[in-house]
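Structure first, then comments.
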Amino acid sequence: MGTDEALARRAREGDEAAFAALVERYQNSVFNFAYRMLGDYDDASDAAQSGFVQLYLSLPGLDLERPLKPWLFRIIRNRCIDAMRQKRTVSLSAGPDDDETPAIGDQLADADPLPEEVIERADVQQLLSAAIRRLPERYRDVVALRYTSDMTFGELAEALGIPENTARIHFHRAKTLLRQALRDLL
Amino acid sequence: MDGDLRSDEPAGAVERGDDIDRLYSRWEALPPPRGFSDAIMSVVSESRPLHLSPAWLAVGLFSLLVVLACSYVAGQALVGGGLLDLAGAFAADVSVVTAVPGEVLLALTDAVPWVECAGAVLAIMVLRLSLQRAGRRVRISSSLPTGDRVA
């Protein structure tokens with residue numbers, strides 16, 4: 001299939017199949033990152049899709065000597081931040097948007113687990129997501145990226161536009177806050 | 001305590017270092033909505049800029065002029081060549097057509113301005129082809145917005 005950069009180069013030359021391969025490669029991690037950031041299935045889908053389209057439109061000016069993955073996640077993160085700002089403005093009078101979040105248990109593509117397992121698993125998923133959403137923005141994206149995208153700290157730092165050591169410190173701090181949040185939630 | 005914090009390996013590639021890492025290793029990935037990538041590719045296809053080819057535009061413009069000219073000349077020839085008179089005569093007396101069909105056919109054949117009509121048809125075909133070729137979705141060009149990571 002080729003490296004990300006090779007596919008991006010082909011896509012830049014007009015090869016739509018190459019871009020489709022890139023979408024295929026990253027759609028899961030990108031979508032899940034957006035979902036962890038936004039906590040809303042539809043918003044995450046919109047942010048992820050528009051991020052991919054922006055990536056496509058940005059191809060002509062991209063420096064493909066540098067890795068593509070952090071750049072892609074950077075776009076998605078910016079889209080998520082835009083969406084969060086927009087939602088914050090809209091929901092000032094509408095109350096918390098957690099109510100709109102669909103039950104994670106309903107969305108999990110799974111074989112046929114026992115009802116108790118579904119509930120237990122859904123509870124855990126809700127808990128993990130809720131804890132992330134309690135984090136301040138700068139910690140939330142570090143954690144969401146680290147746990148959804150399989151990126152190294154170097155890539156993660158590039159995606160967030162911060163030095164690598166800062167990313168590590170943020171991640172460390174985020175874990176402490178997560179521990180606290182999970183304790184509160186339980 | 002900071003587990004894989006010092007690791008430069010991807011988060012999923014290492015043994016989870018601490019309680020939080022282990023807990024979040026249970027964090028399940030949700031499937032993207034159905035048709036997620038198709039929707040992206042459909043927008044991407046639409047986003048490709050329309051490239052106008054000057055050469056084909058020129059051919060199109062020229063063929064349009066030829067169509068107009070040929071149509072005008074053909075129209076003049078149809079009237080001047082007596083085709084309308086013949087049609088009027090056949091309409092007035094249909095029995096002529098059945099009585100001497102061969103002559104009617106020859107008369108019509110003589111009256112039709114074949115060259116002008118053929119010119120008009122040919123020019124229409126060229127016009128159609130040039131319109132197809134003049135505006136087509138092409139490779140993305142460097143005139144598009146680039147975001148903040150540019151070469």
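Being a predicted model, the structure only gives us computed values, none of them experimental. Here is the naming used below: chain letters follow the sequence lines, and residue numbers restart at 1 for every chain.
By the criterion of side-chain heavy atoms lying less than 4.5 angstrom apart, applied directly or through intervening Ile, Leu, Val, Met, Phe, Trp or Tyr residues, B:V112 is not grouped with B:V115; the two fall into different hydrophobic clusters. No single ILVMFWY cluster, assembled from side-chain heavy atoms under 4.5 Å apart, contains both B:L64 and B:V66. Under the 4.5 Å side-chain heavy-atom criterion for ILVMFWY residues, a single connected hydrophobic cluster contains both A:V142 and B:L23. A continuous path of Ile, Leu, Val, Met, Phe, Trp and Tyr side chains, each step under 4.5 Å between heavy atoms, connects B:V43 with A:F52, placing both in one hydrophobic cluster. Hydrophobic clustering (ILVMFWY, side-chain heavy atoms < 4.5 Å, transitive): B:L78 and B:V73 are in distinct clusters.
B:D21 has a carboxylate O that lies under 4.0 Å from a charged side-chain N of A:K175, or vice versa, which qualifies the two as a salt bridge.
Rounded to the nearest 0.5 Å, atoms CE (B:M41) and OH (A:Y56) are 7.0 Å apart. How far OG of B:S37 is from CZ of A:F19: 11.0 Å, rounded to the nearest 0.5 Å.
Residues A:L178 and B:Y24 come closest through the heavy atom pair CD2-OH, 3.3 Å. Scanning both residues, A:N32 and B:L30, for their nearest heavy atoms gives OD1-N, 2.6 Å. In terms of heavy atoms, A:N28 sits closest to B:P32 at OD1-CD, 3.0 Å.
With sequence neighbours excluded, the residues forming a salt bridge (charged side-chain N to carboxylate O under 4.0 Å, His left out) with A:D15 are A:R10, listed by chain and number.
Contact annotation for A:I132: both backbone and side-chain heavy atoms come within less than 4.5 Å of a heavy atom of chain B. Heavy atoms closer than 4.5 Å to chain B are found nowhere in A:A34, neither backbone nor side chain. Heavy atoms of A:T148 lying under 4.5 Å from chain B belong exclusively to its side chain.
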Given the rule in the side chain to side chain contact (heavy atoms under 4.5 Å, CB included) test, do B:I20 and A:F171 qualify, once you have shown the distances and angles that lead to the verdict?
CA-CA 11 Å; B:I20 297 292; A:F171 185 61; over 6 Å; no
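Using cut-offs of 30° and 60° on the angle between ring planes, the pair B:F36 and A:F31 is perpendicular.
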